[in-house]
Student: 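Dropping the structure in here first, questions after.
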Amino acid sequence: MYVKMILPALTEAHSNYWRPIKYSLFPPLGLATLAAYLPAGVKVVIQDEHVEKLDLDDKPDLVVIQVYITSAYRAYEIADHYRQKGSYVCLGGLHVTALPREAKHHADSIFLGPGEDIWPEFLRDFADRQLKPLYRSTVRTLDRMPPTRRDLIKRELYLTPNTIVVSRGCPYRCDFCYKESFFKGGRSYYHQHIDAVLAEIDRLPGRHLYSLDDNLFADAKFCFELFNAMKGMDRVWQAAATVCDVLNRNNIELAAACGLKSIFIGFESICQDNLDQCGKHQNQIKDYEKAIRKLHGLGVMINGSFVFGMDNDDKYVFQRTVDWAISNSIETATFHILTPYPGTRLHKRLSRGNRIITDNWDLYDTRHAVFKPARMTISDLEKGYSWAYTEFYKWSSIFSSARGEDGIKKRLRHFAYAAGWKKLEPFWSWVIRHGHLKQMIPFLESVLDGKLHKKQRAGMMPDLAGCRLGKIFSYTTFVNSMRR
């Protein structure tokens, strides 16, 4: 039997928003996880359209496609192609779970919710030729999950191939969260056993790890055991947490002690009324700066996430948010336009108010306004979103934010991380085009660790100069400015 698993490219692949490095970060771990359940001897291939051209000339017995909202139309196109060739096609993922009636027209079977309990059931039915058109997750356990088929991942195509996911879901219920409907009908947060997690980490080469868990810190007991067990493993790693998780437990200290160097935090808004309206009660504005100081004191960098277009936002929210992020030395930031994903409470609320203006899923990319804002125009919202990115990542903003750090080493690391992520696009394009992403992993580890040695800095400068960065600043000038 021949099984093909596909992650179709998002809409951005065909737009001005495409950033090669952003879509060369993480391999399709979910598909590699499902592949582990296949019987021995089955031929299986995983293709990620973000980093490779799809081969559509083959004829697999079984095709499995993971669907996000902005890859939906492309996923349906691929699914229809293979169904016409006689392959059995399965669709699953967030968008399929949110809109099963739409997805079922393009698949032989659809999967609703997490796949660990329904995929084995499907495989038994496939072997017995007793297939059902719909499989819905209800059991919710990771106890019998086999080791991920990492041998199927083309590691050389990704900057951070060592991604891990050891839990599912989140205990909180924000009304804009796309995953609310995904976990409907069963447990919304659960995790693997510690021994299985440690065994998975041991299988990964190098030092760097990237946790893609929605909220790794949600279970205090689990974190306490995991982080203590990770001591001495010499890892540098990144993860996501909430403001309250940073402040209410000592697990952040334990995480930093075992190698946590960067954390994603959904601040979302600097207006408490916005947070209360969307149900993000775990965020309290009064705690934001306290959490930032704690993380920076532990040597942990912050990737802050901010959402524009909530009902209390006016056209001045962009300036206020960017100024706040820079003044608090947030190393990197991601900005988003509020997006009412189907299946969320936000979508239902805006639909009742006749405020949703399109159901073109290609526009549900958090870069376009697909609803009528309460206190600004659609044009104000889209222009403000673009302005915020430009303003936050200006050279002067990066310098200013880095100077707010405590000490030369933290300032250097701050600058290297922020500039490397957003200002070196030609360099990253060259690296990806010439197949050198693997060689960049030790440099990433050094930046995260704050141990960028002179030899590494010197080795990078010729490449940076080739990307015209050398014409903008010299390393000596930068160091002197950081000392001021």
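This is a predicted model, so every value here is computed, not measured.
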Student: Distance-only, no hydrogens or angles: does the Lys372 side chain make a donor-acceptor pair with backbone N or O of Leu350 under 3.5 Å?
Tutor: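 No.
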Student: Answer yes or no: is there a donor N or O on one side and an acceptor on the other, between the side chain of Glu382 and the main chain of Ala369, under 3.5 Å?
Tutor: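 Yes.
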Student: For Phe217 and Ala241, which heavy atoms make the closest approach, and how far apart are they?
Tutor: CD1-CB, 3.4 Å
Student: Can you confirm whether more than 12 heavy atoms, excluding those of Asp314, are under 6.0 Å from its CG atom?
Tutor: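 Count over threshold, so yes.
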Student: Taking atom types as modelled and ignoring hydrogens, do the side chains of Thr97 and His95 form a donor-acceptor contact shorter than 3.5 angstrom?
Tutor: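 Absent: no donor and acceptor within the cut-off.
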Student: Answer yes or no: is there a donor N or O on one side and an acceptor on the other, between the side chain of His296 and the main chain of Met301, under 3.5 Å?
Tutor: no
Student: Does a donor on one side chain sit under 3.5 Å from an acceptor on the other, for His208 and Glu445?
Tutor: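 On atom types as modelled, these side chains do not qualify, holding no pair under 3.5 Å.
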Student: When you check the side-chain N and O atoms of Tyr172 and Asn283, is any donor under 3.5 Å from an acceptor?
Tutor: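 There is no such pair between these side chains.
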Student: Using a 3.5 Å distance criterion without hydrogens, assess whether the side chain of Ser386 forms a donor-acceptor pair with backbone atoms of Lys383.
Tutor: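 Such a contact is absent between Ser386 side chain and Lys383 backbone.
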Student: Taking the side chain as everything from C-beta on, heavy atoms only, tell me whether Asn162 gets closer than 4.5 Å to Arg235.
Tutor: yes
Student: Report yes if the distance between the aromatic ring centroids of Phe399 and Phe415 is under 6.0 Å, otherwise no.
Tutor: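 For Phe399 and Phe415, the ring centres are under 6.0 Å apart.
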Student: Of all residues at least two apart in sequence or in a different chain, which pass the salt bridge (Lys or Arg N to Asp or Glu O under 4.0 Å) check with Arg375?
Tutor: none
Student: Ignoring hydrogens and geometry, is there a side-chain-to-backbone donor-acceptor pair from Ser397 to Glu391 under 3.5 Å?
Tutor: yes
Student: Between Val243 and Gln282, what is the shortest heavy-atom contact and its length?
Tutor: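 So the minimum-distance heavy-atom pair works out to CB-O, 4.5 Å.
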Student: Can you check whether Asp323's main-chain N or O pairs, donor with acceptor, with Ser327's side chain at less than 3.5 Å?
Tutor: yes
Student: How many angstroms lie between OG in Ser71 and CG in Asp365, if you round to the nearest 0.5 Å?
Tutor: 12.0 Å
Student: So with a 6.0 Å cut-off around NZ of Lys409, is the heavy-atom count from everything else above 12?
Tutor: no
Student: Looking at side-chain heavy atoms only, is the closest gap between Asn251 and Asp245 below 4.5 Å?
Tutor: no
Student: Pair Ser167, Asp213 - check side-chain hydrogen bond (donor to acceptor under 3.5 Å, both in side chains), show working.
Tutor: CA-CA 6 Å; Ser167 65; Asp213 298 71; 2.6 Å; yes
Student: Charged N to carboxylate O below 4.0 Å: is that the case for Arg207 and Asp449?
Tutor: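 Judged by the 4.0 Å cut-off on N to carboxylate O distance, Arg207 and Asp449 do form a salt bridge.
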Student: Quick check on ring pair (Phe, Tyr, Trp, His ring centres under 6.0 Å): which of Tyr385, Phe308, Phe392 does Phe318 satisfy it with?
Tutor: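 For Phe318, the ring pair (Phe, Tyr, Trp, His ring centres under 6.0 Å) test succeeds with only one of Tyr385, Phe308, Phe392, which is Phe308.
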Student: Side-chain donor-acceptor pair under 3.5 Å between Asp311 and Asn274, yes or no?
Tutor: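 Result is no, nothing qualifies.
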Student: Pair Ile330, Ile292 - check side-chain contact (heavy atoms from CB on, under 4.5 Å), show working.
Tutor: CA-CA 8 Å; Ile330 303 293; Ile292 292 168; 3.8 Å; yes
Student: With sequence neighbours left out, write down each residue that passes ring-ring contact (aromatic ring centres under 6.0 Å, His included) with Tyr76, or none if nothing qualifies.
Tutor: His106
Student: Return yes if some donor-acceptor pair links the side-chain N/O of Glu331 with the main-chain N/O of Ile302 below 3.5 Å, else return no.
Tutor: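 Present.
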Student: Taking only distance into account, with no hydrogens and no angle test, what donor-acceptor pairs under 3.5 Å do side-chain atoms of residues 25-34 form with protein atoms, sequence neighbours excluded?
Tutor:
from: Thr33; atom 1: OG1; to: Leu29; atom 2: O; distance (Å): 2.8

Student: Can you check whether Ile285's main-chain N or O pairs, donor with acceptor, with Gln272's side chain at less than 3.5 Å?
Tutor: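 Pair found, side chain donor or acceptor close to backbone of Ile285.
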Student: Name the one of Thr163, Leu444, Ile164 that satisfies side chain to side chain contact (heavy atoms under 4.5 Å, CB included) with Tyr210?
Tutor: Thr163
Student: Report the residue from Gln47, Glu49, His50 that forms a side chain to side chain contact (heavy atoms under 4.5 Å, CB included) with Leu7.
Tutor: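 Exactly one pass, corresponding to His50.
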Student: Does the cation-pi check pass for Lys261 over Trp237, that is, NZ or CZ under 6.0 Å from the six-membered ring centre and within 45° of its axis?
Tutor: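 Verdict for Trp237: no cation-pi partner in Lys261.
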Student: So, using side chain to side chain contact (heavy atoms under 4.5 Å, CB included) as the criterion, who are the partners of Ser24 when residues are at least two apart?
Tutor: Val51, Ile432, Leu437
Student: With distance as the sole criterion, is a donor-acceptor pair present between the side chains of Tyr389 and Lys422 under 3.5 Å?
Tutor: no
Student: Which residues satisfy the salt bridge (Lys or Arg N to Asp or Glu O under 4.0 Å) test with Asp380, sequence neighbours excluded?
Tutor: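 Asp380 satisfies salt bridge (Lys or Arg N to Asp or Glu O under 4.0 Å) with no other residue.
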Student: Tell me every residue that passes side chain to side chain contact (heavy atoms under 4.5 Å, CB included) with Ala199, counting only those two or more places apart in sequence or in another chain.
Tutor: Arg203
Student: Verify, without hydrogens or angle tests, whether Ser329 (side chain) and Ser401 (backbone) share a donor-acceptor contact under 3.5 angstrom.
Tutor: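 Looks like yes, one N/O pair under 3.5 Å.
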Student: Whether the Asp48 and Tyr158 side chains hold a donor-acceptor pair (N or O, under 3.5 Å, no angle test) is what I'd like checked.
Tutor: yes
Student: Whether Glu116 and Arg168 form a salt bridge (side-chain N of Lys/Arg under 4.0 Å from carboxylate O of Asp/Glu) is what I want to check.
Tutor: yes
Student: So, using ring-ring contact (aromatic ring centres under 6.0 Å, His included) as the criterion, who are the partners of Phe222 when residues are at least two apart?
Tutor: His191
Student: When you compare the side chain of Thr339 with that of Phe176, does any pair of heavy atoms fall below 4.5 Å?
Tutor: no
Student: For the residue pair Trp361 and Tyr364, does the interplanar ring angle fall in the parallel (under 30°), tilted (30 to 60°) or perpendicular (over 60°) class?
Tutor: perpendicular
Student: Could you walk me through whether Tyr82 and Asp58 pass the side-chain hydrogen bond (donor to acceptor under 3.5 Å, both in side chains) test, one step at a time?
Tutor: CA-CA 9 Å; Tyr82 275 115; Asp58 54 352; 2.6 Å; yes
Student: Under a 4.0 Å threshold between the charged nitrogen and the carboxylate oxygen, would Lys280 count as salt-bridged to Glu268?
Tutor: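 Yes, Glu268 and Lys280 are salt-bridged.
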Student: I need the minimum non-hydrogen distance between Phe183 and Pro114, along with the two atoms involved.
Tutor: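 Distance-wise, the nearest heavy atoms are CE2-CG, 3.5 Å.
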Student: Does Ser269 use its side chain to pair, donor to acceptor, with the backbone of Cys271 at less than 3.5 Å?
Tutor: yes
Student: Tell me every residue that passes side chain to side chain contact (heavy atoms under 4.5 Å, CB included) with Asn248, counting only those two or more places apart in sequence or in another chain.
Tutor: Cys244
Student: If the condition is ring-ring contact (aromatic ring centres under 6.0 Å, His included), which residues does Phe267 pass it with, not counting sequence neighbours?
Tutor: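 Partners of Phe267 under the ring-ring contact (aromatic ring centres under 6.0 Å, His included) test: Tyr288, Phe306, Trp324.
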Student: Please enumerate all residues that pass side chain to side chain contact (heavy atoms under 4.5 Å, CB included) together with Leu298, with sequence neighbours excluded.
Tutor: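 Testing Leu298 for side chain to side chain contact (heavy atoms under 4.5 Å, CB included), a comparison that skips the adjacent residues, returns Ile252, Glu253, Ala256, Lys294, Val300.
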Student: Any side-chain heavy-atom pair from Thr377 and Lys315 closer than 4.5 angstrom?
Tutor: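 No, their side chains stay 4.5 Å or more apart.
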Student: Does any pair with a residue in residues 424-440 pass salt bridge (charged side-chain N to carboxylate O under 4.0 Å, His left out), and if so which ones, sequence neighbours excluded?
Tutor: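 Residue pairs passing salt bridge (charged side-chain N to carboxylate O under 4.0 Å, His left out), neighbours aside: Arg19-Glu425.
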Student: In plain terms, say whether Asp362 and Arg74 are close enough for a salt bridge, that is, a side-chain N and a carboxylate O under 4.0 Å apart.
Tutor: no
Student: By ring-ring contact (aromatic ring centres under 6.0 Å, His included), which residues pair with His436, not counting sequence neighbours?
Tutor: Trp430
Student: How long is the straight-line distance from CG of Leu91 back to CD1 of Ile65, given to the nearest 0.5 Å?
Tutor: 5.5 Å
Student: Quick one: NE2 on His414 to CG on Asp406, what's the gap to the nearest 0.5 Å?
Tutor: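 So the NE2 of His414 and the CG of Asp406 are separated by 13.5 Å.
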